[in-house]
Amino acid sequence: MVFPIVGGDGKPTGYEIENSGRFDNAGGSALGTTFGTATNSKKFTLSFWYKISSGTISGGRTLFGGRSGYENIFIHEDTIRQDWNNASSGTVNWAPFVRDQSAWYHFVIAQDTSQSTDSNRVKFYINGVQAGIRSGVNLSYPAQNLESGYNVSGVDFFLSSYNGTAAEVNGYYADVYFVDGQQYAPTVFGETDDNGVWIPKEAKDDVSFGNNGFFLEFKQTGTGTNSSGIGADTSGNDNHLSVAGLAAQDITTDTPTNNFATMNPLSPTQGNPVYAEGNLKISASGTDAYSYFPSTFGLSNGKWYAEVKVNLQGGNTFIGIAETSMEAYYTGADNDPHLTAGTIWYANGGNGYYDGSSQDASTFGAASFTSGDIIGLALDLDSGTKTIKFYKNNTLTATKNLTSNFVDPIVFAANLYNTQNQSWNFGNPPFSISSGNADANGYGNFEYAPPSGYYACCTKNLAEFG
């Protein structure tokens with residue numbers, strides 16, 4: 001079954017989600033609360049939008065956890081799994097797989113254990129469609145009238161952890177509803193547009209939140225457990241969540257109604273690539289092969305801007321652009337992407353590779369860069385002569401024309417060797433910046449102002465210029 005995924009433009013209700021929260025396992029990102037008296041301890045609804053990211057995770061990726069790790073909803077082997085009482089009181093593995101790291105998913109978990117029919121006690125929906133059960137794995141629905149740990153007085157509850165300090169997710173949350181005492185259908189929170197795509201709609205005034213209910217919109221940047229915190233509840237209940245491992249830069253404008261590019265961990269590569277911070281921080285470590293990191297959006301038209309902060313320069317670094325067909329270059333051999341036609345790479349020594357051929361610094365014409373520098377890339381796919389411009393700390397350092405070998409959609413890309421890492425900014429920086437600069441449409445947040453006529457890589461700009 002195919003589930004349409006959001007990330008475009010044009011909404012029947014005109015509802016816009018403005019912010020999301022970016023959670024990172026390595027940073028211990030989590031929100032938490034302790035439930036008060038439940039409206040109904042057997043019945044609740046969780047509705048939230050989620051964009052998956054990669055990263056090194058031990059013990060699973062916990063979307064929500066209750067009762068100190070005994071009641072979990074988590075991503076397990078690329079499916080959503082729900083356990084009650086550490087699986088001893090029930091476990092369900094939902095189908096289908098959820099693997100796309102370039103798109104937003106809408107998940108609804110609606111539970112009512114008072115139901116006499118076991119399959120009605122918990123329902124799971126992906127993008128408005130009720131999910132089936134994964135075949136070949138253990139299935140046991142929760143017992144009738146079970147009080148799960150998601151809505152019981154005095155029980156801890158966490159978003160992005162099973163106990164507040166472990167198994168955090170790598171990903172983005174947006175519009176998180178927890179409803180105490182109701183088992184709602186997904187149509188309360190979303191709808192299908194004219195193109196058959198499942199999109200969000202405003203539901204805050206259409207649900208009864210109950211005593212423990214909350215609504216997270218991620219519009220605040222503080223770390224306190226209050227209305228100014230990242231875990232601020234805007235349902236009217238003031239059930240604010242405590243904050244761990246999150247900072248102001250983790251509030252982003254990458255949302256289901258304006259999806260931004262990230263780097264793409266599903267692209268084939270070699271070496272030892274590591275992704276973090278919502279697939280925007282990339283690392284390579286001590287390998288004898290180049291690790292290739294492309295962006296998620298393939299671009300054929302328009303003018304596009306991105307920034308790269310060089311966090312640690314520890315070997316050969318190449319920053320540039322590549323055809324999407326470059327992925328076919330990996331066959332398991334020790335291939336070097338910079339030696340391939342249909343690529344342009346700016347190297348840390350000021351030299352580079354142009355369409356597969358090496359150019360020294362005098363020919364490539366760029367300045368060297370190192371740790372702490374910010375490299376800007378301005379890709380022009382609209383002009384008669386298509387170009388890529390490289391900036392070092394806001395100073396133009398090289399301009400290269402795209403040759404006739406660039407016939408497929410183009411991605412921004414990095415090619416790293418040895419121990420080094422960098423952070424990419426397509427409009428939602430994973431690092432603190434000293435000044436905020438948007439594009440001419442008001443999208444994105446960059447250290448330096450995009451050149452005139454260039455735009456952030458997001459779906460709203462793609463709908464207009466791509």
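Residues passing the salt bridge (Lys or Arg N to Asp or Glu O under 4.0 Å) test with Glu464, sequence neighbours excluded: none. With sequence neighbours excluded, the residues that form a ring-ring contact (aromatic ring centres under 6.0 Å, His included) with Phe44 are Tyr150, Phe178. In this view, Glu447 satisfies the salt bridge (Lys or Arg N to Asp or Glu O under 4.0 Å) rule with no residue, not counting sequence neighbours. For Ser283, the side chain to side chain contact (heavy atoms under 4.5 Å, CB included) partners two or more places apart in sequence, or in a different chain, are Val274, Asn421. Not counting sequence neighbours, the partners of Phe215 by the ring-ring contact (aromatic ring centres under 6.0 Å, His included) test are Tyr177. Qualifying side chain to side chain donor-acceptor pair (under 3.5 Å) partners for Gln111, counting only residues two or more places apart in sequence or in other chains: Gln82, Trp84, Ser148. For Phe124, the ring-ring contact (aromatic ring centres under 6.0 Å, His included) partners two or more places apart in sequence, or in a different chain, are Trp94, Phe107. Asp78 pairs by the salt bridge (Lys or Arg N to Asp or Glu O under 4.0 Å) definition with Arg61, Arg99, not counting sequence neighbours. Qualifying salt bridge (Lys or Arg N to Asp or Glu O under 4.0 Å) partners for Asp24, counting only residues two or more places apart in sequence or in other chains: none. By the side chain to side chain contact (heavy atoms under 4.5 Å, CB included) test, Asn428 is found to be paired with Arg22, Thr252, Thr253, Asp254, Phe260, residues two or more places apart in sequence or in another chain being considered.
Proximity of Phe35 to Val152: side-chain heavy atoms (C-beta onward) are nowhere separated by under 4.5 Å. Residues Phe157 and Thr34 are not in side-chain contact: their nearest non-hydrogen atoms beyond the backbone lie 4.5 Å or more apart. Annotation: side chain of Trp104 is not in contact with side chain of Pro200 (no heavy-atom distance under 4.5 Å). Contact of the Leu266 side chain with the Gln101 side chain is registered, since non-hydrogen atoms from C-beta on lie closer than 4.5 Å. Residues Phe214 and Leu159 have side chains not in contact (no heavy-atom distance under 4.5 Å, counting atoms from C-beta outward). The closest side-chain heavy-atom distance from Leu63 to Ile80 is below 4.5 Å. Between Tyr105 and Asn127, some side-chain heavy-atom pair lies under the 4.5 Å cut-off. Looking at Tyr173 and Leu216, their side chains never come closer than 4.5 Å, going by heavy atoms from C-beta outward.
Applying the side-chain hydrogen bond (donor to acceptor under 3.5 Å, both in side chains) definition to pairs two or more places apart or across chains, none involves residues 295-304. For residues 113-136, every residue pair satisfying the salt bridge (charged side-chain N to carboxylate O under 4.0 Å, His left out) rule, not counting sequence neighbours, is listed here: Glu77-Arg134.
Side-chain atoms of Asn415 never come within 3.5 Å of backbone atoms of Ile319 as a donor-acceptor pair (strictly under, hydrogens ignored). Judged purely by atom type and a 3.5 angstrom limit, Asn170 uses its side chain to pair as donor or acceptor with the backbone of Asn25. Under a 3.5 Å cut-off, the side chain of Asp83 and the backbone N or O of Asn86 do not form any donor-acceptor pair. Under the 3.5 Å distance criterion, the side-chain polar atoms of Ser140 are matched with a main-chain donor or acceptor of Thr91. Side-chain N or O atoms of Ser161 include one that pairs as donor or acceptor with a backbone N or O of Asn163 at under 3.5 Å. Here the side chain of Gln183 pairs a donor or acceptor atom with the backbone of Ala110 at under 3.5 angstrom. Side-chain N or O atoms of Tyr275 include one that pairs as donor or acceptor with a backbone N or O of Asn264 at under 3.5 Å. Side-chain N or O atoms of Tyr455 include none that pairs as donor or acceptor with a backbone N or O of Gly444 at under 3.5 Å. The main-chain N or O of Lys460 is found under 3.5 Å from a side-chain atom of Asn258 such that the two form a donor-acceptor pair. Within the 3.5 Å criterion, the main-chain N or O of Ser114 finds a donor-acceptor partner in the side chain of Gln144.
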May I have the step-by-step check of side chain to side chain contact (heavy atoms under 4.5 Å, CB included) for Phe431 and Asn425, ending in yes or no?
-> CA-CA 9 Å; Phe431 52 89; Asn425 179 16; 4.2 Å; yes

Can you check ring-ring contact (aromatic ring centres under 6.0 Å, His included) on Phe446 and Tyr305, steps first, answer last?
-> CA-CA 9 Å; Phe446 298 98; Tyr305 180 72; 5.1 Å; yes

Should Lys201 and Asp206 be marked as a side chain to side chain contact (heavy atoms under 4.5 Å, CB included) after you check the CA-CA gap, both sets of side-chain angles, and the distance that decides it?
-> CA-CA 11 Å; Lys201 69 179 185 182; Asp206 298 325; 5.8 Å; no

Can you list the steps and then say if Gln182 with Ser208 is a side-chain hydrogen bond (donor to acceptor under 3.5 Å, both in side chains)?
-> CA-CA 8 Å; Gln182 299 290 334; Ser208 298; 5.1 Å; no

Check against side-chain hydrogen bond (donor to acceptor under 3.5 Å, both in side chains), Asn311 and Lys281 = CA-CA 9 Å; Asn311 301 316; Lys281 183 177 180 180; over 6 Å; no

Apply side chain to side chain contact (heavy atoms under 4.5 Å, CB included) to Phe412 and Trp424, showing your working.
-> CA-CA 10 Å; Phe412 292 105; Trp424 281 71; 3.7 Å; yes

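Nearest approach of Trp198 to Pro186, heavy atoms of both residues: CZ2-O, 3.5 Å. The two residues Asn239 and Asp233 come nearest to each other via the heavy atoms N-OD2, 2.8 Å. Here the shortest heavy-atom pairing between Ala30 and Leu246 reads O-CD1, 4.1 Å. The shortest non-hydrogen separation linking Val243 to Gly224 is CG2-O, 4.1 Å. Of all heavy-atom pairs between Phe48 and Ile109, the closest is CE2-CD1, 4.1 Å.
Phe426 has its ring centre no less than 6.0 Å from the ring centre of Phe297.
To the nearest 0.5 angstrom, Thr343 atom OG1 is 8.5 Å from Ile321 atom CD1. Atom OG in Ser47 sits 3.0 Å away from atom NE2 in His106 (nearest 0.5 Å). Rounding to the nearest 0.5 Å places CD1 of Ile17 at 11.5 Å from CG of Asn259. The distance from the CG atom of Asn279 to the CE atom of Met263 is 9.5 Å, given to the nearest 0.5 Å. Once rounded to the nearest 0.5 Å, the distance linking CZ of Phe158 with OG1 of Thr33 reads 9.0 Å. Here Thr255 contributes atom OG1 and Phe218 contributes atom CZ; the two are 12.5 Å apart, rounded to the nearest 0.5 Å.
Of the candidates Gln220, His240, Lys204, Lys204 is the only one forming a side chain to side chain contact (heavy atoms under 4.5 Å, CB included) with Thr234.
In this model, no donor atom of one side chain and acceptor atom of the other lie less than 3.5 Å apart for Asn211 and Asp180.
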